[in-house]
Each structure stands twice: as structure tokens, then as C-alpha cells.
Amino acid sequence: MCGIVGYVGEKLGLPIVIDCLTRLEYRGYDSSGVAYVDNEDLVVKKQLGKLNNLSSNLKNKIIPASCAIGHTRWATHGEPSIQNAHPQQDENKLLALVHNGIIENFNNHKQKLIGKGVKFTSQTDTEVIAQLLGRELQKVLNTGDNYSQNKMHSTMHSTSSLTKKQVLRAIHNVINSLDGAFAFAVVVKGMDDCIFFAKFKSPLILGKGIDENFLSSDATAILPYTNKIYSLMDGEFGYIDKKKIEVFNSSFKPVKVKFESLQIEPEQIMLGDYQHFMHKEIEQGAESVINTLDRLSSELQNLPNGIFLNDFNLHIVACGTALHAGRVGKYIIENQLRIPVNVDYASEFRYKNPILDNKSVCLFISQSGETADTLSSLELAKQKGAVTIAITNVPASRIEKIADYCIHTSAGPEIAVASTKAYLAQLAALYAFAEHIAKLRGIEISFSIKKIKTEVMRFSKFTYRDKLGDIVKDIKEQESVYFVGRGLDYILALESALKLKEISYIHCEAFPLGELKHGSLALINRESVVIAILTQKDLIEKTLNGIHELNSRGAKIILFSPFEELKDNVYKFIKTPLVDDCLSPFVVIKPLQILAYLTSLSKGLDPDKPRNLAKSVTVE
Ligand code: G6P
């Protein structure tokens with residue numbers, strides 16, 4: 001969580017840093033801050049809440065700094081407050097530092113530093129890095145350079161005599177003492193022409209421009225300025241100035257940096273005609289499925305296909321929406337291929353001592369490719385000898401680097417915190433994976449990739465907005481909304497409930513319809529609103545039984561189904577596209593995503609940035 005960015009070049013740095021931060025807000029928005037070097041002065045500005053608060057505060061101020069760093073925070077250590085916002089500084093204010101990650105041994109360091117008389121002003125783990133680095137730099141200033149050949153002048157208060165090499169040495173010393181994950185950027189007082197950085201486990205990329213260079217937590221943030229990207233490896237650190245980029249590995253040896261051109265059009269990360277990214281991304285669902293299906297066949301061919309011909313144990317591990325995609329994958333693989341599949345929340349999998357060996361194949365699904373629990377589970381599976389396959393939407397992400405094999409979804413950048421088009425792309429990848437194994441084993445299945453593409457295209461233009469306005473009125477004031485379904489429809493209910501709760505803050509819960517009478521039916525009264533999903537032909541009768549049970553308790557049932565003849569059984573009915581049963585996940589989710597979106601809007605909330613959440617969950 002947290003997004004960091006840095007700019008050094010010939011232009012005014014601050015507006016560029018603020019602009020880049022707008023595309024990193026998905027990583028957190030509890031507070032934001034910037035730091036820049038204005039001649040000899042190191043200036044830090046911070047605000048609580050979303051980036052808007054900071055940018056409107058800085059608006060109309062022309063700040064001539066050409067070197068600046070910025071941060072948008074999702075609080076881990078310490079509540080959202082100005083003190084805990086980044087940049088953090090050392091006690092002598094020699095530097096300002098922004099950080100993404102968690103320093104696990106921060107308290108050890110902190111206690112030792114306090115013992116030496118260092119005064120802390122925040123509750124963050126980040127301040128420890130700033131203080132440690134500040135002390136290293138102060139040591140150089142006080143005693144002269146221990147490392148460089150150049151003779152240093154001893155001075156307590158000015159850093160103008162520090163060299164880049166001295167700062168790099170200091171950073172190297174500090175990062176060697178840190179446990180945990182970090183990507184940080186530092187500006188140093190008196191050095192108005194460069195930004196230092198280091199990376200371990202948290203993502204950090206460098207961007208190369210003409211007479212300007214960038215660093216950022218992710219490439220989309222700086223894409224309007226450059227598409228020449230280098231993704232730093234763990235342990236690497238260095239600096240950027242406007243002409244030069246120097247990177248060193250953990251042994252302080254220079255690294256030859258090779259920049260790659262990123263193939264993302266800037267429009268992909270802009271709102272365009274939409275008011276919110278979530279709406280834009282819902283509308284891109286069909287495109288995301290088709291692009292994924294068109295691009296992944298060579299990756300499937302590269303899998304260790306021999307293993308699929310014999311008995312193997314299949315596990316799917318993920319978090320949040322990616323886990324719900326995994327549940328659909330389990331349903332389809334078990335139903336069509338008769339191969340058993342275990343699905344686990346990554347946060348549970350890693351602590352349950354999973355039964356894995358070299359006959360196990362583990363699929364790890366992650367849009368961002370950097371979810372901490374998913375990555376830890378992946379590392380565990382590798383240790384236990386399983387074959388590991390990542391399904392990710394972010395090329396060169398950490399998950400891709402760790403897994404044995406990788407299947408890319410091609411949803412394009414997903415910016416809204418609530419995942420929509422990436423979910424559809426994950427479904428596409430899982431269906432393609434199932435079809436691939438079916439072909440290898442000579443099993444006949446009831447869907448084809450071609451059919452998926454035709455069906456998603458056929459219904460992609462349905463907008464649902466006009467039909468759902470009425471339903472929004474029914475649910476927006478509810479304290480709880482229940483979602484029910486059977487089989488695949490229950491899995492869709494889970495994802496629909498997650499979507500609505502995360503952006504409307506209404507308590508939403510999904511139940512397998514047949515389970516209601518074993519407890520949850522006690523929650524139902526005449527005020528209850530229940531959203532039922534019914535897309536599976538052979539479950540019509542059974543689902544209707546459950547609907548009648550709910551009706552008898554007075555619940556208002558809103559049914560999402562292609563079977564219009566059922567509409568008289570319920571309070572309200574939304575017709576969804578009629579497709580083959582096993583393809584319904586591709587077409588039924590859109591009206592339910594739109595429902596969540598409209599409900600959030602009707603409550604005056606920001607659907608793109610729900611409270612307390614972040615898109616990339618890089619902490620456990
Ligand atoms: C967060 C996001 C969700 C996402 C989940 C897993 O909770 O808000 O939208 O589904 O993380 O993220 P991943 O990047 O691993 O798919």
C-alpha cells in the first residue's frame with residue numbers, strides 16, 4: 001500500500017509529482033505529502049485525507065523546485081494524521097523520505113535510537129528509516145567522509161558538501177539493517193538535483209525521459225511523461241538526476257539498467273468521458289475478456305503440460321475478488337473436467353500448513369501481482385515443491401518474478417479500488433486454462449473460447465443504468481442487503497455482495513440459498529431486501545423453493561435472471577442475458593457491478609476510492 005513518486009528535471013517538479021500521485025491514489029488516500037529542495041531549503045507539505053486537499057492547498061503557488069518527491073498513504077503504523085503522513089524526516093531535517101512497505105524490525109531500531117536520545121515525532125515505521133539515514137549523513141558531516149577519497153568539511157548544519165556517493169553509502173548501510181519490505185525515495189537538503197531510492201519487496205520503477213527522470217510505485221503513474229521503464233530488483237538502490245540514472249545491487253556493484261518501452265496508451269489511464277474509473281472499467285469488461293483470450297495461448301503452451309496428463313492436485317489461492325474468480329474456476333474445472341480443486345484465501349492458506357508436494361499445481365491469482373498474502377502463499381508453495389503458476393494483470397510484477405510460470409490477463413490498467421474488468425479477465429484466463437487441460441486430456445467440454453468471445457461481445461452494449469435506478473432506491477437506505485443463489489449463482493452472489501459492500505458501506509452478505517433455513521433465515525423480516533441470482537436452468541425449481549420461503553417471511557426479493565417467466569414470483573425483476581449455463585458468470589456480473597456503482601453514487605460516495613481500502617494490499 002502507499003504510492004510514492006519522484007521527479008527531477010528541467011520543469012517545475014511539484015505539479016508533475018501531484019499529477020502522478022493522482023494515478024497512485026488507488027494505493028491509499030488517508031493522507032498525502034510532498035517534499036522538494038528549494039535552493040538550500042528542504043520543504044515538506046502534508047495534508048490529511050485525499051490528494052485533493054493537498055493539491056488545492058498548493059494550487060496557485062508557483063514553486064520553482066525541479067526536484068520533488070510525493071506520497072499517498074494507506075495507514076499501517078499510526079493513525080492517519082499530519083504527523084504520520086509522509087514525507088518523514090530525521091530529527092536534524094537533513095532529508096525527507098517517502099516509503100511504501102513495512103519495516104518489521106522498526107521497533108528495535110526505534111528503541112535503540114530513543115536510547116541514544118533521538119526524538120521521534122510520528123508513530124510510523126518509516127520515520128525509523130529517515131532517522132537512521134539522517135544519523136548516517138550526520139556522521140559523515142561531523143567526522144568527514146569515511147568512505148570517499150574526497151576530503152569533507154565538517155559541519156553540523158549544511159549538507160551542501162555531501163556527495164552522491166556518500167549518500168549512497170549511507171543508504172546502503174541503512175538498508176542492510178532493515179527487515180521487511182520497502183521502496184523509498186529521499187531528497188537531501190542542499191542537493192536540489194537528485195533523488196535517492198532503494199527497493200526491497202515493495203515495487204519501484206524508474207522512468208527515463210529527456211532531461212528528466214522519474215521514479216514511481218507503478219508505471220501508470222508516470223506514463224503521460226514517459227513509457228521507458230526499468231523495474232528495480234530487490235536490493236537495488238541508487239539515484240536519479242535529470243541526465244543520469246545510477247543503480248547499484250546489494251553488494252554496491254553498479255547495475256546495467258535496461259529500459260523497456262511500456263505498451264500502454266495514456267488514454268487507458270485517463271477517465272475520458274466517464275465520471276469514475278469504476279464505471280469506465282465495468283464498461284471495458286468485454287474488451288478485457290477478449291484481449292485476455294486473444295493473448296494467452298502461447299503462455300498456456302509454455303506450462304509444464306506433462307503434469308496435467310497424470311494425477312495432480314490443483315489449488316487456487318487468492319484474495320478478494322480474485323478469490324471469487326478462483327471459485328468460479330474451481331466450479332468449472334470440477335464440473336467439466338472432473339478434476340478436484342481446492343480454493344483458499346491466501347491469508348488462510350499460508351498458515352494452515354497446506355498439503356503440497358511435487359504433484360501439486362498451485363494457481364495464484366492477483367490483479368496487481370503484489371498482494372502480500374498471495375505472494376507469501378506462493379513462496380510457501382514453492383518451498384514445498386509445488387508447481388506454481390501466477391495469473392496476473394501487471395506484467396513484470398512481483399508475482400510473475402516469483403512464480404514458475406505466468407499467465408497474463410489483459411484487462412489493461414485497473415484503477416478503481418473495486419475490481420471489475422480484472423475479475424472478468426481472471427475468469428477468461430481460468431476458462432482458457434480449463435479448456436487447455438481438457439484438450440491435453442482429450443476431455444469434451446461444453447464451452448469454447450470462441451463462444452465466450454461471441455457472448456461477451458453480444459451483450460457488451462447493455463448499460464442497465466435506467467433499469468437499476470429503481471432498485472437503488474430500494475437498497476440505498478438498507479442496513480443490510482442479502483444475496484442468494486445456488487451453485488455458480490452463489491459464487492456470483494459472493495462477488496456481487498463484495499462489490500456492493502465495499503463501495504456503498506451497506507452490510508452485504510451472500511448465502512447459498514439452500515442454507516438459509518439453517519440459521520440465516522432468522523435475519524429475514526418484512527424490511528429485508530434480498531437479491532437473488534438465478535441463471536442455471538436445472539436449478540430453477542430448487543431456487544424457486546428458496547424464493548418462496550423468503551417471500552413467506554415478507555422479504556422483498558429482487559431477482560436477477562434471464563428467465564422472465566419467473567418475474568411474478570418476486571418483488572422486482574432484472575432481466576439478464578440468456579447464455580449457456582456455464583458462461584453466465586461472464587454476463588450476469590455487469591448489472592450487479594452497475595448496481596453497486598449506482599448505489600455508491602446515490603449515497604454521495606466516491607466509488608473509486610472507498611474508505612479504509614486500497615487496491616494493492618502489500619501488507620499482511
Ligand atoms: C484488494 C482490492 C480488491 C482485490 C484484492 C486482491 O482488496 O481492493 O479489489 O480483489 O485486493 O487484489 P489482487 O491485486 O491480488 O487481485
Side-chain angles (χ1 to χ4, degrees), residues 25-26 29 50 271 274-285 320-321 324 414-424 459 462-485 489-511 520 523-535 550 555-561 567 570-577 585 587-615:
E25 259 197 306
Y26 72 85
Y29 30 82
K50 292 185 182 155
L271 270 173
Y274 289 90
Q275 222 188 326
H276 296 100
F277 282 106
M278 184 178 181
H279 189 203
K280 179 179 177 189
E281 289 160 6
I282 294 171
E283 293 302 338
Q284 290 175 325
T321 291
H324 292 157
E414 191 181 61
I415 291 163
V417 166
S419 183
T420 54
K421 64 174 180 176
Y423 169 70
L424 281 159
F459 300 107
F462 284 31
T463 63
Y464 299 99
R465 276 188 89 127
D466 48 339
K467 299 196 176 61
L468 292 169
D470 207 27
I471 313 276
V472 169
K473 285 190 205 132
D474 287 318
I475 60 177
K476 66 181 269 205
E477 303 300 342
Q478 288 290 313
E479 246 171 59
S480 298
V481 174
Y482 305 114
F483 289 72
V484 295
D489 293 331
Y490 165 57
I491 306 174
L492 295 171
L494 284 168
E495 175 56 12
S496 308
L498 176 63
K499 244 8 31 137
L500 183 59
K501 85 171 84 150
E502 67 187 324
I503 59 170
S504 72
Y505 316 153
I506 298 170
H507 166 233
C508 297
E509 215 173 328
F511 304 111
S520 310
L523 297 170
I524 302 297
N525 60 30
R526 308 199 77 76
E527 309 304 318
S528 308
V529 171
V530 177
I531 294 187
I533 304 174
L534 172 49
T535 66
L550 284 162
K556 295 188 183 110
I557 301 170
I558 302 164
L559 179 61
F560 283 67
S561 171
K567 89 195 243 192
V570 292
Y571 167 66
K572 281 185 185 161
F573 181 86
I574 296 293
K575 184 164 165 45
T576 59
V587 293
V588 173
I589 200 67
K590 181 172 176 184
L592 288 148
Q593 290 171 337
I594 294 276
L595 178 68
Y597 171 69
L598 294 177
T599 308
S600 176
L601 287 190
S602 76
K603 296 186 82 171
L605 303 172
D606 180 349
D608 284 347
K609 297 185 197 110
R611 71 182 176 205
N612 303 339
L613 301 179
K615 190 155 189 71

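Looking at Tyr464, its side chain never comes within 3.5 Å of a backbone N or O of Leu595 through a donor-acceptor pair. A side-chain donor-acceptor contact under 3.5 Å links Ser504 to the backbone of Leu500. No side-chain donor-acceptor contact under 3.5 Å links Asp608 to the backbone of Ala416. Side chain of Asp470 to main chain of Lys473: no donor-acceptor pair is present (N/O by atom type, distance under 3.5 Å, no hydrogens or angles).
Gln478 and Val481 make their closest contact through CB-CG2, 3.9 Å (heavy atoms, listed as atom of the first residue, atom of the second, distance). The minimum heavy-atom distance linking Leu424 with Pro585 is given by the pair CD2-O, 4.2 Å. Summarising the geometry of Ala493 relative to Gly485, their closest heavy-atom pair is CB-N, 4.5 Å, with the distance given to 0.1 Å. When all heavy atoms are compared, the tightest approach of Ile503 to Pro607 is CG2-O, 3.4 Å. Pairing each heavy atom of Ile415 with each of Tyr26, the nearest pair is O-CB, 3.3 Å. Shown here for Leu498 and Gly320, the closest heavy-atom pair between the two residues is CD2-C, 4.1 Å.
Interatomic distance, NE2 of His279 versus OG of Ser600, reported as 13.0 Å (0.5 Å rounding). Between Leu559 atom CG and Leu534 atom CG the span is 6.0 Å, to the nearest 0.5 Å. Between the CD1 atom of Ile594 and the NZ atom of Lys467 there is a distance of 12.0 Å, given to the nearest 0.5 Å. In this structure, OG1 on Thr420 lies 5.0 Å from CD on Gln593, to the nearest 0.5 angstrom. Note that CD1 of Ile574 and OG of Ser561 are 11.5 Å apart. Values are rounded to the nearest 0.5 Å.
Judged purely by distance below 3.5 Å, without hydrogens or angles, the side chains of Tyr571 and Asp474 pair a donor atom with an acceptor atom. At a cut-off of 3.5 Å, with distance as the only test, a side-chain donor of His276 or Tyr597 sits close to an acceptor on the other residue.
Ring geometry for Tyr482 versus Phe511: interplanar angle of 30 to 60°, hence tilted.
A heavy-atom distance below 4.5 Å is found between the side chains of Tyr505 and Pro610. Annotation: side chain of Leu605 is not in contact with side chain of Arg611 (no heavy-atom distance under 4.5 Å). The shortest side-chain heavy-atom distance between Leu598 and Arg465 falls under the 4.5 Å cut-off.
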Could you go step by step and tell me if Val417 and Met278 meet the side chain to side chain contact (heavy atoms under 4.5 Å, CB included) rule?
-> CA-CA 8 Å; Val417 166; Met278 184 178 181; over 6 Å; no
Ser496/Ile589 under side chain to side chain contact (heavy atoms under 4.5 Å, CB included): CA gap, chis, key distance, verdict = CA-CA 7 Å; Ser496 308; Ile589 200 67; 3.8 Å; yes
Start with the C-alpha distance between Val570 and Ile558, add both sets of side-chain angles, then the distance that settles side chain to side chain contact (heavy atoms under 4.5 Å, CB included), and finish with yes or no.
-> CA-CA 6 Å; Val570 292; Ile558 302 164; over 6 Å; no
Evaluate the criterion side chain to side chain contact (heavy atoms under 4.5 Å, CB included) for residue pair Ile557 and Phe573; output intermediate values, then yes/no.
-> CA-CA 8 Å; Ile557 301 170; Phe573 181 86; over 6 Å; no
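Within the structure, salt bridge (charged side-chain N to carboxylate O under 4.0 Å, His left out) contacts touching residues 501-510 (residues at least two apart or in different chains) are Lys499-Glu502.
Here Asp606 pairs with Lys50 in a salt bridge; the nearest charged N to carboxylate O distance falls below 4.0 Å. Glu527 and Lys556 are not joined by a salt bridge, as no carboxylate oxygen comes within less than 4.0 angstrom of a charged side-chain nitrogen.
Checked against Lys421 for a side-chain hydrogen bond (donor to acceptor under 3.5 Å, both in side chains), the options Gln284, Glu414, Glu281 give a single hit: Gln284.
Contacts of Val588 classified as side chain to side chain contact (heavy atoms under 4.5 Å, CB included), with partners at least two apart in sequence or in another chain: Leu492, Ile533, Thr535, Thr576, Ser584, Leu592.
Heavy-atom contacts from other residues, nucleotides or ligands closer than 6.0 Å to NZ of Lys575 number more than 12.
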